[in-house]
2 protein chains.
Amino acid sequence: MSLRHALLGLLVDHPASGYDLLKTFDTSLANVWPATQSQIYGELTKLADAGLIVVSEQGPRGRKEYTLTDPGLAELRRWLTETEPQRTTRSDVLLRVFFLGVLTPQQARDYLDGQAAHAAELHANLKALDDSIDWDDDDLSVYGRIALEYGRRFSAMQRDWARWALTQVKNK
Amino acid sequence: MSLRHALLGLLVDHPASGYDLLKTFDTSLANVWPATQSQIYGELTKLADAGLIVVSEQGPRGRKEYTLTDPGLAELRRWLTETEPQRTTRSDVLLRVFFLGVLTPQQARDYLDGQAAHAAELHANLKALDDSIDWDDDDLSVYGRIALEYGRRFSAMQRDWARWALTQVKNK
DNA sequence: AGCTTACCTTCCACTCTTGACATGTCCAGA
DNA sequence: TCTGGACATGTCAAGAGTGGAAGGTAAGCT
């Protein structure tokens, strides 16, 4: 049910259309909670039916701009304070590690090397992104920066782990 | 399609029944790729239909023991070497961070504090687990240990990040 | 005026995942 | 002997997520 609340959260600051939200998901939220167009439009309809958002303006080309309602904001707060985040994540990258034994050591190293390279690249990109942003002191900046820092630390951790793992796979 | 390959991977070492595999998923694989009973039994049937595994023995209580076939092993190897791991993960924990601005600073800190505590606990548990295992030099040990090390580093990173984030949320 | 591009939404078919329910068998201990 | 707990599989409904097709409007450019 997180998509639901992600949409509510994005509507806190300003009204937006499905199309606007779709772009937000494709860019800034893509690394945290990817969502497709069909999912977003569908969920918006459900949220409007539930009264958590309303169509506040109809624009050209059938554009519908949604605005958060008071019950919607209350629901967002309830979600944040009263429900526990779901922590069960799936990691395809890590799952494969369990089965590297069926490959040759060289193939296993190739895999880990690829992961290290990927993580290193991501880390560099995030650093560049961080440097390019002029961080303010407002809420969006504070929490946006905290989220970005998570990405930086995570990618650094993955990079270092993969490099360390490489040293553990001996030739046999 | 990872569940499919996870099952193939588990059948490499020794034949197993759906029930056996279910227990493996609930224990050792739970943190990497959780799966429910209905999923596992369903997927095993599909894998058998596809000829990637076969029923090698029928036991008491309708027990069906599955064994990996050569095409099954080939498919596992193909998956490991020729397909890229899917890296799009969803993080409920991180998603919420984006919206902490709608709460009071104190509530936001409570949230981060909870995450720090949770990560610290997980880290301690993994360390204890690591210490309790007698690691050998075989494949299972090497790659199992690499996977466990990932968990250790990940939980440490989350713990430290949450603690750092706490210092970023000022009273206003 | 005509063409292209961006905008904007809806619908559909499919797979994956969850949770619950249903059904029954074997075995060990009181 | 009986009874509870572990063993063992199957099915079903509902929700979440993916990918793509379809259909149409407005705006900008030449």
Side-chain angles (χ1 to χ4, degrees), chain A residues 1-8 10 15-27 29-50 53 55-66 79 83-92 95, chain B residues 1-8 10-11 15-27 29-50 53-66 79 83-92 95:
Chain A
M1 297 287 282
S2 289
L3 173 63
R4 196 180 184 82
H5 297 99
L7 290 169
L8 293 176
L10 290 176
S17 68
Y19 195 76
D20 295 336
L21 295 166
L22 177 59
K23 279 185 298 181
T24 307
F25 270 87
D26 280 351
T27 55
L29 234 52
N31 300 306
V32 175
W33 206 272
T36 58
Q37 167 254 67
S38 6
Q39 246 185 308
I40 291 172
Y41 282 110
E43 195 62 44
L44 283 173
T45 305
K46 284 189 214 161
L47 282 167
D49 286 347
I53 60 177
V55 177
S56 51
E57 198 190 316
Q58 308 251 2
R61 276 163 297 209
R63 176 191 176 93
K64 282 187 271 186
E65 206 168 70
Y66 292 97
W79 174 69
T83 64
E84 276 295 301
Q86 181 126 35
R87 252 171 290 250
T88 59
T89 54
R90 288 181 165 78
S91 170
D92 195 349
L95 178 64
Chain B
M1 295 291 281
S2 289
L3 173 63
R4 195 180 186 81
H5 298 98
L7 290 170
L8 293 176
L10 291 176
L11 290 173
S17 68
Y19 193 77
D20 294 336
L21 295 166
L22 176 59
K23 279 185 298 181
T24 306
F25 270 89
D26 279 350
T27 55
L29 234 52
N31 301 305
V32 174
W33 206 273
T36 59
Q37 173 252 63
S38 10
Q39 245 186 309
I40 291 171
Y41 281 112
E43 195 62 44
L44 283 173
T45 304
K46 285 189 213 159
L47 282 168
D49 287 347
I53 60 177
V54 287
V55 177
S56 51
E57 197 190 317
Q58 309 250 1
R61 277 165 296 210
R63 175 191 177 94
K64 283 187 272 186
E65 206 168 69
Y66 292 98
W79 174 67
T83 65
E84 276 295 300
Q86 181 127 35
R87 253 171 289 251
T88 58
T89 55
R90 289 179 165 77
S91 169
D92 195 349
L95 178 63

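Values below: all heavy atoms of this structure, side chains included; hydrogens, waters and symmetry mates excluded. Chain letters run A, B, ... following the sequence lines, proteins first, then strands; residues in each count from 1.
- At D:dT18, one or more side-chain N or O atoms of A:Q39 fall inside 4.0 Å of OP1 or OP2 (strictly under the cut-off).
- In this model, the phosphate group of D:dT9 is approached by a side-chain N or O of B:Y41 to a distance below 4.0 Å at OP1 or OP2.
- When the P atom of D:dT18 is taken as reference, atom CG of A:D92 falls 14 Å away, rounded to whole Å.
- OP1 or OP2 of C:dT15 has not a single side-chain nitrogen or oxygen of B:R4 nearer than 4.0 Å.
- To the nearest 0.5 angstrom, A:D26 atom CG is 5.0 Å from A:L22 atom CG.
- Below the 3.5 angstrom threshold, one finds a donor paired with an acceptor across the side chain of A:S38 and the base of D:dG20.
- Distance from the side chain of A:S17 is smallest for C:dT9 among the nucleotides D:dA6, C:dT18, C:dT9.
- At whole-Å resolution of the value, CH2 in B:W33 and C1' in C:dT17 are 11 Å apart.
- Contact between the side-chain N/O atoms of B:R90 and the OP1/OP2 oxygens of D:dT18 is found at a separation under 4.0 Å.
- Across C:dT9, D:dA16, C:dC16, the shortest atom-to-atom separation from the side chain of A:R63 is found for C:dT9.
- Interatomic distance, B:L21 CG to B:L11 CG, rounded to the nearest 0.5 Å: 5.0 Å.
- In this entry the distance linking CD of B:E65 with P of D:dT9 reads 10 Å, nearest Å.
- In terms of polar N and O atoms assigned as donor or acceptor, the side chain of B:Q37 comes within less than 3.5 Å of the base of D:dG10 in a complementary pairing.
- The side chain of B:R61 places no N or O atom within less than 4.0 Å of a non-bridging phosphate oxygen (OP1 or OP2) of D:dG10.
- Here C:dC16 presents its C1' atom at 13 Å from CZ of B:F25, a figure rounded to the nearest Å.
- As a whole-Å value, the separation of B:L29 CG from C:dT17 P is 13 Å.
- Counting to the nearest Å, the P atom of D:dT18 and the CE atom of B:M1 are 15 Å from each other.
- Following rounding to the nearest Å, B:K46 (NZ) and C:dT17 (C1') show an atom-to-atom distance of 11 Å.
- Distance check: A:L44 CG to A:R4 CZ gives 10.5 Å after rounding to the nearest 0.5 Å.
- Dashed line: the shortest gap from a side-chain N or O of B:K64 to OP1 or OP2 of D:dC7 is not under 4.0 Å.
- Interatomic distance, NE2 of A:H5 versus CD of A:E43, reported as 9.0 Å (0.5 Å rounding).
- The distance from the OG atom of B:S17 to the NZ atom of B:K64 is 10.5 Å, given to the nearest 0.5 Å.
- Rounding to whole angstrom units, CD of residue A:Q86 and P of D:dG17 are separated by 10 Å.
- Comparing B:G62 and A:E43 by the nucleotide of DNA chain D that holds the closest heavy atom to each, the one mapping nearer the 5' end is B:G62.
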